[in-house]
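I have placed the structure first, in the form of structure tokens, so that the comments after it can refer back to it.
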Amino acid sequence: MELVIRGALVVDGSGAPGHRADVGLAGGRIAAVGTATGPRLTGRAVLDADGLVLAPGFIDMHAHSDLALLRDPAHTAKAAQGVTLEVIGQDGLSYAPVDDRTLGELRRQIAGWNGGEPGDDRVAFDWRTVGEYLDRLDRGPDGPSSPGLAVNAAYLVPQGTVRALALGWEDRPAKDDELAHMKRLVAEGLEQGAVGMSSGLTYTPGMYAPTAELTELCRVVAAYGGYYCPHHRSYGAGALGAYAEMLGLARDAGCALHLAHATLNFDVNAGRAAELTALLDRALAEGVDVSLDTYPYLAGCTTLAALLPSWAAAGGPVATLARLRDADAAARIRHALDVEGSDGSHGVPMEWSTIEVSGVGDPALGHWVGRRLPDFDAARRLLLDDRLATTILQHVGHEENVRAIMAHPAHTGGSDGILHGAKPHPRAYGTFPHYLGRYVRELGVLSLEECVHHLTARPAARLRLADRGLVREGYVADLVLFDPATVAAGATYEEPRRGPVGVPYVLVGGEFVIREGRRTAAVPGRTVRGRGRR
């Protein structure tokens with residue numbers, strides 16, 4: 001063996017009780033798992049793991065590291081948590097497939113998530129197709145001289161990006177030729193290695209797609225063995241109906257479904273988690289292949305521009321800014337937000353006191369970070385001055401819903417972590433140790449074995465990975481060692497970039513990316529490509 005991890009409590013991801021064992025690694029894989037009665041494993045190097053839990057590396061089913069993986073070779077925010085695989089291309093908006101026009105539009109549209117706005121030259125946008133983007137990830141932040149990433153990455157074809165490429169940012173159903181174009185783009189992305197398709201159905205332009213259009217795209221996803229990951233149409237007043245729409249769509253398309261950041265927020269949904277879990281149980285009983293992810297926090301996080309009504313965002317970022325500058329259009333937007341509850345704000349009239357600025361694109365506006373927005377006038381001024389790049393936290397969650405949903409058998413973990421901005425959501429730096437420290441050790445919502453199963457084998461099964469997610473002989477040696485007595489998220493809302501505690505070792509492909517709590521120089525991560533690849 002190249003390395004023997006000796007004496008850890010092996011919680012293998014299956015949900016079975018943990019057991020003491022030696023685990024040997026060779027060639028980037030798990031070569032042997034010892035038994036209590038068998039001989040001790042030996043190797044060229046031995047790590048004494050007494051007092052630690054050894055588990056499969058955590059899989060972040062909802063990540064926004066699309067540019068961070070290329071900008072930051074260390075990527076400590078995720079590696080330090082024990083994350084060894086991230087699923088990116090989320091919420092229907094990312095950077096492939098694109099042409100020159102849509103790339104510029106998308107860089108502006110999601111600058112609040114990732115940076116990368118026009119003029120930001122920290123990443124060379126030298127790809128256009130999904131395959132070219134995945135190849136660029138494999139070359140790593142430093143290119144061919146130092147290939148690889150801190151952690152592995154899988155990609156979802158973003159439906160909003162596809163729609164922008166096929167018909168622009170118009171609020172209308174696709175024509176037959178445009179739908180055919182979108183179906184080809186989705187198929188090509190899956191052939192080039194994507195694992196499925198995402199949507200952001202409260203974000204433009206994806207939100208303009210009717211259910212029938214989404215169903216046709218999902219038939220393509222199903223044909224390639226992928227899954228559909230929607231940020232559905234409402235997490236507020238219309239949340240349960242929006243969940244039901246996605247479950248019905250998956251049933252009609254015959255497509256596996258993974259519900260993104262499956263929360264129930266705002267006062268209208270307090271205490272209603274049982275209604276959602278009942279919907280899930282009925283769908284599962286009917287044979288729908290459904291899973292979901294959540295983050296273990298109450299606040300949400302998005303861009304300030306995402307709250308606008310969909311009609312105000314039609315035509316893309318330039319048109320949105322023009323409407324905000326126009327007094328009459330701004331008055332209509334104010335009414336939609338403050339009185340009606342816009343579709344962008346989930347059908348709930350705005351409570352501005354729940355909105356905290358977490359990041360700005362223009363450093364001159366940094367005085368806004370950490371402040372609550374008092375009213376629409378302040379929000380409008382900030383959107384104009386920051387050219388839509390502002391990110392926010394929304395303090396609208398409910399603890400009882402968070403706990404009930406994470407206990408469901410279809411649940412997996414996802415950080416939804418936005419790494420960009422001066423004061424990001426702590427979930428970007430703390431989701432996985434927070435599950436283990438807060439919801440396992442302190443509250444007992446999940447047992448240790450259940451929680452590890454939710455964060456490892458269950459997401460690996462959704463991704464249809466035959467050799468990840470378990471501590472098994474022959475599996476890829478993506479592993480994390482943590483102290484069950486101390487593991488916790490260091491990140492807080494006040495100090496969101498503090499690293500976790502109690503996670504001393506993380507290995508990707510058998511190489512230490514975290515050793516004795518510190519980031520190494522290793523970049524062993526690669527893209528994990530879907531079954532449809534040709």
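Atom set for the values below is all heavy atoms of this structure, side chains included, hydrogens, waters and symmetry mates excluded.
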- Query: What distance separates Arg526 CZ from Asp138 CG, expressed to the nearest 0.5 Å?
  - Reply: 6.5 Å
- Quick one: closest heavy-atom pair of Pro158 and Ser198, and the distance? CA-OG, 3.6 Å
- Take Val480 and Tyr505, measure what side chain to side chain contact (heavy atoms under 4.5 Å, CB included) needs, and give me the verdict at the end. CA-CA 6 Å; Val480 57; Tyr505 300 100; over 6 Å; no
- Message: What I want to check is whether the side chains of Ser65 and Glu86 have a donor and an acceptor closer together than 3.5 Å.
- Response: yes
- Query: Looking at Asp120 and Arg107, does any basic side-chain N land under 4.0 Å from a carboxylate oxygen?
  - Reply: no
- Message: Taking Ser415's backbone N and O only, do any of them form a donor-acceptor pair with Arg427's side chain (distance below 3.5 Å, no angle check)?
- Response: yes
- Message: Is it the case that the side chain of His232 and the backbone of Leu259 share a donor-acceptor pair, with hydrogens and angles ignored and the cut-off at 3.5 Å?
- Response: no
- Message: Could you check whether Tyr295 and His64 have their ring centres less than 6.0 Å apart?
- Response: no
- Query: Counting N and O atoms only, with roles assigned by atom type, does the side chain of Arg184 sit under 3.5 Å from a partner on the main chain of Leu179, one being a donor and the other an acceptor?
  - Reply: no
- In Å, rounded to the nearest 0.5 Å, how long is the span from CG of Leu337 to CG of Leu307? 7.0 Å
- Would you check if Ile110 and Glu117 make a side-chain contact, meaning some heavy-atom pair closer than 4.5 Å? no
- Evaluate the side-chain proximity of Leu3 to Leu507: yes if any heavy-atom separation is below 4.5 Å, no if none is. yes
- With a 4.0 Å cut-off, would you call Asp362 and Arg387 a salt bridge? no
- Message: If I take atom CG from residue Leu214 and atom CE from residue Met246, how far apart are they, to the nearest 0.5 angstrom?
- Response: 6.0 Å
- So, does Asp91 use its side chain to make a donor-acceptor pair with the main chain of Leu93 at under 3.5 Å? no
- Query: Under 3.5 Å, is there a donor-acceptor pair between the Asp293 and Thr412 side chains?
  - Reply: no
- Task: Taking all non-hydrogen atoms of both residues into account, name the closest pair between Leu85 and Leu465 and its distance.
- Result: CD2-CD1, 3.7 Å
- Query: Among side-chain atoms of Ser94 and Thr161, is any donor-acceptor pair under 3.5 angstrom?
  - Reply: no
- Item | Intermediate values then yes/no, ring-ring contact (aromatic ring centres under 6.0 Å, His included), Trp113 and Tyr203 | CA-CA 13 Å; Trp113 292 355; Tyr203 300 126; 5.3 Å; yes
- Message: Check Glu188 with Lys183, please: is the shortest side-chain N to carboxylate O separation under 4.0 Å?
- Response: no
- Electrostatic pair Asp385:Arg380 at N-O distance under 4.0 angstrom: no
- What class does the angle between the rings of His261 and His231 fall in, given that below 30° is parallel, 30 to 60° is tilted and above 60° is perpendicular? perpendicular
- Query: Once you round to the nearest 0.5 Å, how far does OG1 of Thr320 lie from CH2 of Trp169?
  - Reply: 8.5 Å
- Verify the ring-centre separation between His454 and Tyr435: is it less than 6.0 angstrom? no
- Query: Any side-chain heavy atom of Val528 sitting closer than 4.5 Å to one from Arg468?
  - Reply: yes
- Task: Please check if any side-chain donor atom of Ser291 sits under 3.5 Å from a side-chain acceptor atom of His258, or the reverse.
- Result: yes
- Query: Between Glu494 and Lys423, is there a salt bridge with N-O shorter than 4.0 Å?
  - Reply: no
- Message: Could you walk me through whether Val487 and Val501 satisfy the side chain to side chain contact (heavy atoms under 4.5 Å, CB included) test, starting with their C-alpha distance in whole Å, then the side-chain angles of each, then the deciding distance to 0.1 Å, before giving a yes or no?
- Response: CA-CA 5 Å; Val487 63; Val501 297; over 6 Å; no
- Query: Which heavy atom of Leu419 sits nearest a heavy atom of Ala428, and at what distance?
  - Reply: CD2-CB, 3.6 Å
- Can you find a pair of side-chain heavy atoms, one from Ser358 and one from His425, that are under 4.5 Å apart? no
- Message: Assess, by modelled atom type and distance only, whether the side chains of Gln109 and Thr204 contain a donor and an acceptor separated by less than 3.5 Å.
- Response: yes
- Relative to each other, are the rings of Trp127 and Phe125 parallel, tilted or perpendicular (30° and 60° limits)? tilted
- Message: Can a donor-acceptor pair be found, under 3.5 Å and without considering hydrogens, that links the side chain of Arg372 to the backbone of Ser353?
- Response: yes
- Message: Tell me if a side-chain donor or acceptor on Glu132 pairs with a main-chain N or O of Arg128 at a distance below 3.5 Å.
- Response: yes
- Message: With salt bridge (Lys or Arg N to Asp or Glu O under 4.0 Å) as the criterion, how do Arg29 and Asp467 come out once you've worked through the C-alpha distance, each side chain's angles and the decisive distance to 0.1 Å?
- Response: CA-CA 9 Å; Arg29 292 185 176 265; Asp467 58 358; 3.1 Å; yes
- Query: Where the side chain of Gln81 meets the backbone of Ala77, is there a donor-acceptor pair that is under 3.5 Å apart?
  - Reply: yes
- Message: With rounding to the nearest 0.5 angstrom, report the CG to CG distance, Leu382 to Leu373.
- Response: 6.5 Å
- Message: Can you confirm if the NZ or CZ of Arg462 lies within 45° of the ring axis of Tyr227 and under 6.0 Å from the centre of its six-membered ring?
- Response: yes
- Task: Determine the minimum heavy-atom distance between Arg497 and His420, stating which atoms define it.
- Result: NH2-C, 4.3 Å
- Task: List the steps and the verdict of side-chain hydrogen bond (donor to acceptor under 3.5 Å, both in side chains) for Tyr208 and Glu170.
- Result: CA-CA 8 Å; Tyr208 300 139; Glu170 297 180 39; over 6 Å; no
- Message: Quick check: do Arg122 and Leu70 have side-chain heavy atoms less than 4.5 Å from each other?
- Response: no
- With distance as the sole test, does Arg371 use its side chain to make a donor-acceptor pair with the main-chain N or O of Glu356 at under 3.5 Å? no
- Donor-acceptor under 3.5 Å (Asp343 side chain, Ser310 main chain): yes
- Message: Checking Val98 against Leu106 for the side chain to side chain contact (heavy atoms under 4.5 Å, CB included) test, could you report, in this order, the C-alpha distance in whole Å, the side-chain angles of both residues, the deciding distance, and whether it holds?
- Response: CA-CA 9 Å; Val98 291; Leu106 287 159; 3.6 Å; yes
- Answer yes or no for Arg323 and Trp311: cation-pi contact, defined as NZ/CZ to six-membered ring centre under 6.0 Å and angle to ring axis within 45°. no
- Item | Distance-minimising heavy-atom pair for Val195 and Arg529 | CG1-C, 4.4 Å
- Indicate yes or no for a side-chain donor-acceptor contact from Thr520 to the backbone of Phe512 under 3.5 Å, with no hydrogens or angles considered. yes
- Task: Determine, stepwise, if the pair Leu304 / Leu388 fulfils side chain to side chain contact (heavy atoms under 4.5 Å, CB included).
- Result: CA-CA 7 Å; Leu304 180 57; Leu388 309 182; over 6 Å; no
- Message: I need the single residue from Asn114, Leu137, Asp60, Leu156 that forms a side chain to side chain contact (heavy atoms under 4.5 Å, CB included) with Ile88. Which is it?
- Response: Leu137
- Query: In terms of ring plane angle, is the pair Tyr235 and His346 parallel, tilted or perpendicular, where the classes change at 30° and 60°?
  - Reply: perpendicular
- Query: Are Ser199 and Tyr228 linked by a side-chain donor-acceptor pair shorter than 3.5 Å?
  - Reply: yes
- Message: Which heavy atom of Pro141 sits nearest to which heavy atom of Leu149, and what is that distance?
- Response: CD-CD2, 4.1 Å
- Message: When you compare the side chain of Trp368 with that of Asp386, does any pair of heavy atoms fall below 4.5 Å?
- Response: no
- Message: Within 45 degrees of the ring normal and closer than 6.0 Å to the centroid, is that where the cationic atom of Arg136 sits relative to Tyr133?
- Response: no
- Does any non-hydrogen side-chain atom of Leu393 lie less than 4.5 Å from one of Cys301? yes
- Message: Measuring from atom CG of Leu25 to atom CG of Leu479, what distance do you get when rounded to the nearest 0.5 angstrom?
- Response: 6.0 Å
